[in-house]
Every structure is written in C-alpha cells, then in structure tokens.
Amino acid sequence: MGTDIGDLLQKRKIELTDLSNRVVAIDAFNTLHQFLSIIRQRDGSPLVNSSGKVTSHLSGLLYRTASLIEAGIKPVFVFDGKPPDLKSETLSRRKEVRETSLEKWENAKAEGDIEAAHKYAQASSKVDQAIVEDSKYLLGIMGIPWTQAPCEGEAQAAHMVIKKDADCVASQDYDSFLFGAPSVVRNMTVTGKRKLPGKNVYVDVELERIDLDETLGALGVNLDQLIDIAICVGTDYNKGLEKVGPKTALKLIKKHGDIHAVLREKGVEIEGLDNIKELFTHPDVTDDYEIKWGKPDSEKLINFLCEENGFSVDRMEKAVERLKAASGARQKTLDQWF
DNA sequence: CTCCCGCA
DNA sequence: TGCGGGAGG
C-alpha cells in the first residue's frame with residue numbers, strides 16, 4: 001500500500017507523552033483497516049453484533065481513542081473522499097487480493113487450518129461504507145472531531161498540518177509526505193506492540209516521528225525531487241520503473257536532477273506523468289472543516305455500543321468513564337491556558 | 001488492537 | 001506489580 005520510500009526517511013523515536021497537547025490528524029482509513037484486520041478471533045472471523053454486522057472497528061476506535069485522550073493527545077480523524085481516477089488500478093488490485101483471500105479463508109476454514117484461515121481473513125478485510133458511517137457516528141458521540149476529505153485523506157491531513165491546524169499526521173503509510181506533510185508519526189499504539197503481517201507473532205514497535213525537512217536535508221533533495229523518487233519507485237497512481245527501488249531512485253534523481261531527465265536517460269516513459277505529479281503537488285483538499293473536541297455523550301455511547309452492538313455494559317461503562325475523566329482533564333488544561 | 005484475568 | 005494469553009461482539 002502507498003509508496004515504498006520508508007527506507008529513505010529519517011525516523012526519530014519518540015514517546016507518547018511527546019505528543020501531549022498536540023493535534024494529531026489521524027488517517028482514518030489506515031486506522032480502521034488495521035482494526036478490521038487485527039481484531040479477529042482465532043479462525044479469523046471479526047467481532048460482530050447480533051445482526052451479523054462487523055464491530056471490530058468500534059472496539060478498536062473506542063479503546064485506542066480513549067487512550068490517546070488520556071495521554072493528552074488531541075486527535076482529529078480524516079476520512080477519505082472520492083479517489084482520483086488514476087488510483088483505479090491500485091484499487092482494483094486491492095479488491096482482487098481481498099476476494100482471493102476471502103476464498104482462501106473459506107477453504108482454510110473448511111480444511112481446519114486455523115493459522116492460514118486467520119491470515120487470509122485479515123487480508124480479506126474491507127473498510128466499507130457501513131464501517132465508515134459507524135465510525136463517524138461513534139467519534140461524534142465520543143466528542144472527537146473528524147474531517148471529510150474531498151479526495152485523498154492523506155492529502156487532506158497533510159493540508160491541515162501545513163495550515164497549522166494540526167501538528168502532525170498519524171499514518172502507517174508514507175504518502176502524506178508526498179502531499180507535503182511537515183511531520184508524520186507512525187506506530188501510534190497504546191501497547192507498543194504490532195502484529196507481524198502474515199504471521200501470528202507480535203513485535204515491539206517504537207512510536208516514531210519523521211520530519212519532512214529533516215529527511216529532505218539528509219537526502220539532499222527537495223520535495224519535488226522526493227515526489228519524483230516516489231514516482232520512480234511506484235505510487236498508488238503509477239507502477240514505477242523496472243528494477244528501481246528507493247535507493248536507486250534516489251541516486252538517479254540526484255544524478256539527473258528530475259524524473260524527466262531520468263526517463264530521457266533510460267529511454268522510457270511514464271504514462272500521464274504530469275497528471276500523477278499534479279495529484280501530489282496540487283491535491284484536492286478543503287478548508288471547510290472544524291476541529292473541536294466536545295464532551296462524550298455517555299447515554300448515546302452506552303446505547304450505541306451496548307444496545308445496538310452488543311458490547312458488555314460493564315466494560316463500556318468503564319471505558320466511557322475513562323473517556324469522560326480524560327476529556328475533563330483536557331478541558332481543565334485548556335481553561336488554564338486561555 | 002486492548003482489556004482483563006490468572007498466575008508468579 | 002508484572003507478564004502471558006485468551007476473549008471481546
């Protein structure tokens with residue numbers, strides 16, 4: 001998913017407390033996708049309510065967000081809008097992977113291969129409209145703001161950081177850099193553990209921050225050239241050059257200056273190059289958003305989570321209490337400042 | 001993923 | 001008090 005330029009970036013280990021009082025623009029799609037793929041039972045089936053509707057994402061969102069608020073972080077979730085036409089090939093490839101995985105999941109379950117079943121179930125997860133609507137509703141009654149991007153969520157999140165309405169983007173992908181995000185954090189989990197893809201193994205992951213200027217300085221390129229490097233390697237909008245990974249791409253761009261010169265030198269072309277580049281340099285974003293944190297609505301939360309979705313009342317009362325206490329503390333802090 | 005119980 | 005592992009919906 002996204003662009004494979006991770007190796008080139010300057011990663012700095014940070015602590016969750018370093019993000020205290022910071023506004024973090026969270027890539028909602030990215031986060032929900034993680035919850036959906038990871039919060040599953042051993043045979044791979046997701047958590048569901050009594051009508052069979054998936055609820056894994058609700059569990060993840062509630063607990064994760066509550067912990068972020070407790071850590072003093074000010075989260076705002078950014079949802080994807082309509083993807084650009086140039087992304088259609090990537091999207092149909094992802095769809096194919098999901099559908100193949102769904103078949104393999106069924107087969108593995110039938111054969112009693114639990115481990116394979118779990119693996120394919122994870123790869124079959126999809127953030128659909130119902131998941132998105134549920135999540136927006138839950139965030140609303142939690143008092144957590146969210147923004148609807150006109151197009152790519154990562155572009156919108158980057159825009160909000162550029163405008164200084166947020167301090168950094170939180171995503172596992174690197175794409176927001178290509179949209180000019182000055183600062184990105186990865187691995188923003190509570191436990192500091194993450195599941196290894198495909199395997200039933202958990203590893204410790206460090207919360208890390210990557211600053212665009214620092215990375216550009218270390219690489220000796222500008223943002224335009226970083227975008228060129230990504231296009232050489234391949235993005236959601238194009239395939240990338242044969243046998244060119246991040247290191248080679250960096251070398252090529254530094255040697256020849258820009259992607260046009262690289263392509264001339266190699267005698268190859270990238271179809272629609274100007275349009276691809278435009279998607280990164282002038283993405284479709286909006287200023288029509290409001291970032292405001294409110295009080296959680298206990299009654300609606302208990303009703304939605306317990307009545308409608310079958311969560312345990314005991315657990316939810318505890319979680320809602322935590323959320324209320326944490327957002328009250330935040331309110332106090334803000335009052336002291338203003 | 002995060003919670004929470006059982007166990008050192 | 002802190003870890004391991006299963007449950008959660």
Side-chain angles (χ1 to χ4, degrees), chain A residues 1 15-16 19 24 26-73 75 77 105 109 114-115 117-128 130-135 137-139 141-142 144 170-173 185-208 296 300-327:
Chain A
M1 218 191 278
E15 303 298 324
L16 211 54
L19 294 175
V24 181
I26 302 177
D27 179 353
F29 173 84
N30 192 268
T31 305
L32 292 175
H33 187 79
Q34 279 181 55
F35 290 150
L36 288 173
S37 68
I38 289 162
I39 305 177
R40 285 170 183 271
Q41 302 169 84
R42 248 202 335 266
D43 70 347
S45 18
L47 304 185
V48 293
N49 65 16
S50 55
S51 5
K53 258 181 58 179
V54 173
T55 56
S56 295
H57 58 299
L58 299 177
S59 178
L61 258 189
L62 178 77
Y63 289 127
R64 169 80 64 87
T65 310
S67 301
L68 295 181
I69 297 287
E70 277 180 334
I73 295 171
F77 285 79
W105 176 22
K109 259 200 297 197
I114 294 291
E115 205 173 314
H118 195 96
K119 182 175 88 177
Y120 291 123
Q122 288 198 120
S124 74
S125 45
K126 175 178 181 355
V127 180
D128 62 19
I131 303 272
V132 168
E133 294 308 323
D134 275 356
S135 301
Y137 178 72
L138 178 61
L139 289 170
I141 60 180
M142 287 174 77
I144 307 297
S171 176
Q172 292 306 105
D173 292 348
V185 297
R186 303 180 75 238
N187 301 332
M188 201 173 61
T189 64
V190 174
T191 53
K193 295 204 183 298
R194 190 172 300 280
K195 204 173 170 304
L196 239 45
K199 292 182 183 163
N200 206 14
V201 177
Y202 288 81
V203 292
D204 287 326
V205 287
E206 314 260 11
L207 178 63
E208 61 191 26
K300 283 186 178 155
L301 282 165
I302 296 297
N303 182 64
F304 179 61
L305 293 164
C306 305
E307 305 280 307
E308 286 185 42
N309 289 293
F311 283 70
S312 130
V313 177
D314 278 0
R315 281 179 168 229
M316 288 309 106
E317 279 179 343
K318 222 172 275 181
V320 169
E321 217 37 61
R322 269 178 60 196
L323 188 63
K324 263 170 72 180
S327 53

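Hydrogens, waters and symmetry mates play no part in the numbers below; they use all other heavy atoms, side chains included. Note on naming: letters A, B, ... go to the chains in the order of the sequence lines (proteins, then strands), and numbering restarts at 1 for each one.
For the pair A:D314 CG and B:dC3 C1', the computed distance is 13 Å after rounding to whole Å. As a whole-Å value, the separation of A:R40 CZ from B:dT2 P is 17 Å. The separation between A:L36 atom CG and C:dG9 atom P is 16 Å, rounded to whole Å. Residue A:E307 contributes atom CD, which lies 15 Å from atom C1' of C:dG9 at whole-angstrom precision. Protein atom CG of A:L323 is 12 Å distant from nucleotide atom P of B:dC3, rounded to whole Å. Counting to the nearest Å, the C1' atom of B:dT2 and the CG atom of A:L58 are 14 Å from each other. Rounded to whole Å, atom C1' of B:dT2 lies 11 Å from atom CG of A:L47. Counting to the nearest Å, the C1' atom of B:dT2 and the NE2 atom of A:H57 are 16 Å from each other.
Within a 6.0 Å sphere centred on CD of A:E15, other residues, nucleotides and ligands contribute 12 heavy atoms or fewer.
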(Q) Using side chain to side chain contact (heavy atoms under 4.5 Å, CB included), reason through A:F35 and A:S59 one step at a time and then give a plain yes or no. (A) CA-CA 8 Å; A:F35 290 150; A:S59 178; over 6 Å; no

Q: Given side chain to side chain contact (heavy atoms under 4.5 Å, CB included), test A:L58 with A:F311 step by step and report yes or no.
A: CA-CA 10 Å; A:L58 299 177; A:F311 283 70; 4.0 Å; yes

Q) Are A:W105 and A:H118 close enough, and set up right, to give a side chain to side chain contact (heavy atoms under 4.5 Å, CB included), and what steps lead you there? A) CA-CA 7 Å; A:W105 176 22; A:H118 195 96; over 6 Å; no

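Side-chain proximity of A:K318 to C:dG9, B:dC4, B:dC3: nearest is B:dC4. The listed nucleotides are C:dG9, B:dC4, B:dT2; the one nearest the side chain of A:N49 is C:dG9.
Across all strands shown, A:G60 has no heavy atoms under 4.0 Å from either base or sugar-phosphate atoms. Residue A:S50 is out of contact with every strand shown, counting any heavy-atom pair closer than 4.0 Å.
For A:D173 and A:R186, the salt-bridge test fails: no basic side-chain N is under 4.0 Å from an acidic carboxylate O.
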Quick test: give all pairs of protein nitrogen or oxygen and nucleotides 5-7 of chain C nitrogen or oxygen below 3.5 Å, distance rounded to 0.1 Å.
none

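For A:Y63, there are no ring pair (Phe, Tyr, Trp, His ring centres under 6.0 Å) partners two or more places apart in sequence or in a different chain.
Within the 4.5 Å cutoff, side-chain heavy atoms of A:D134 are placed close to those of A:H57.
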